[in-house]
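Single-structure report; data block below.
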Amino acid sequence: MSDCIFCKIIDGEIASERVYEDDDVFAFRDLNAQAPLHILIIPKMHIASINDLDTSNADTIGKLYIAAKKIAVEEGYADKGYRVVMNCGEDAGQTVFHLHLHLLAGRPLSWPPG
Ligand code: DGP
């Protein structure tokens, strides 16, 4: 989508610190990190939010989680622990409407979240 910042990041029009990429998934460091490790993992296909998912996207969503695990292992947080979260809509704090997983690690993460 032409006006989506995450599509522009995938296309390289906006610079990002890439940590992982395959045919379907792109991952990069969050500009506004909330933990020592804060990675955004996104599908290359533009999907606005969880509300737009159907069964045709099931494979893509699985790939986002597999990428999260790979990055957590590579960055050295698999044993200590990490959080993977996806915000949906305004009340959940979604600000960018291109589906994305947040991968957070490197400090104790409280529960319930704020
Ligand atoms: P959310 O609030 O769940 O929609 O998360 C959006 C995240 O995207 C937020 O943590 C900040 C991050 N972000 C927004 N714009 C950019 C950008 O241009 N570059 C990078 N690396 N991260 C961005």
Side-chain angles (χ1 to χ4, degrees):
M1 238 177 64
S2 57
D3 61 345
C4 169
I5 57 171
F6 285 1
C7 285
K8 288 181 179 172
I9 284 174
I10 293 165
D11 291 342
E13 288 176 51
I14 295 176
S16 70
E17 198 179 333
R18 184 182 61 182
V19 295
Y20 177 83
E21 183 173 12
D22 63 30
D23 288 347
D24 304 301
V25 174
F26 191 91
F28 55 101
R29 294 189 195 279
D30 195 297
L31 204 60
N32 186 24
Q34 301 299 313
L37 182 75
H38 190 167
I39 306 292
L40 299 172
I41 303 157
I42 68 178
K44 287 188 174 176
M45 177 195 305
H46 182 86
I47 302 168
S49 82
I50 297 174
N51 285 337
D52 299 291
L53 293 176
D54 59 37
T55 53
S56 72
N57 307 120
D59 207 38
T60 302
I61 299 308
K63 288 174 180 174
L64 297 181
Y65 280 90
I66 301 297
K69 187 210 78 173
K70 282 182 182 166
I71 296 163
V73 169
E74 280 167 15
E75 298 273 342
Y77 292 103
D79 291 338
K80 186 87 170 158
Y82 54 93
R83 182 170 293 166
V84 179
V85 65
M86 188 180 284
N87 298 324
C88 181
E90 189 182 338
D91 273 5
Q94 185 178 8
T95 57
V96 178
F97 282 79
H98 180 126
L99 201 76
H100 50 281
L101 279 181
H102 295 261
L103 167 61
L104 299 142
R107 66 171 174 83
L109 298 162
S110 61
W111 194 266

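We number each residue from 1, following the sequence as shown. For ligands, and for the atoms within them, numbers begin at 1 and follow the listed sequence. For the numbers below, each heavy atom of this structure counts, side chains included, while hydrogens, waters and symmetry mates do not.
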Q: Of all the heavy-atom pairs spanning Pro43 and Thr60, show the shortest one and how long it is.
A: CB-CG2, 3.6 Å

Q: For Gln94 and Asn87, work out which heavy atoms get closest and say how close.
A: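 Answer, listing the atom of Gln94 first, then Asn87: OE1-O, 3.5 Å.
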
Q | Side-chain (Arg83) to main-chain (Ser110) donor-acceptor, under 3.5 angstrom | A | yes

Q.
Among Leu64, Val19, Ile66, exactly one meets side chain to side chain contact (heavy atoms under 4.5 Å, CB included) together with Ile41. Which residue is that?
A. Leu64

Q) Out of Phe97, Phe28, Phe26, which one pairs with Phe6 under the ring-ring contact (aromatic ring centres under 6.0 Å, His included) rule? A)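 With Phe6 as partner, Phe97, Phe28, Phe26 yield a single ring-ring contact (aromatic ring centres under 6.0 Å, His included), made by Phe28.
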
Q | Any residue meeting ring-ring contact (aromatic ring centres under 6.0 Å, His included) with His98, in chain and number order, not counting sequence neighbours | A |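 His98 satisfies ring-ring contact (aromatic ring centres under 6.0 Å, His included) with His46 once adjacent residues are dropped.
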
**Q.** Under 4.0 Å from ligand 1 - residues by heavy atom, chain and number
**A.** Ile5, Phe6, Ile9, Phe28, Arg29, Asp30, Leu31, Leu40, Asn87, Gly93, Gln94, Thr95, Val96, His100, His102

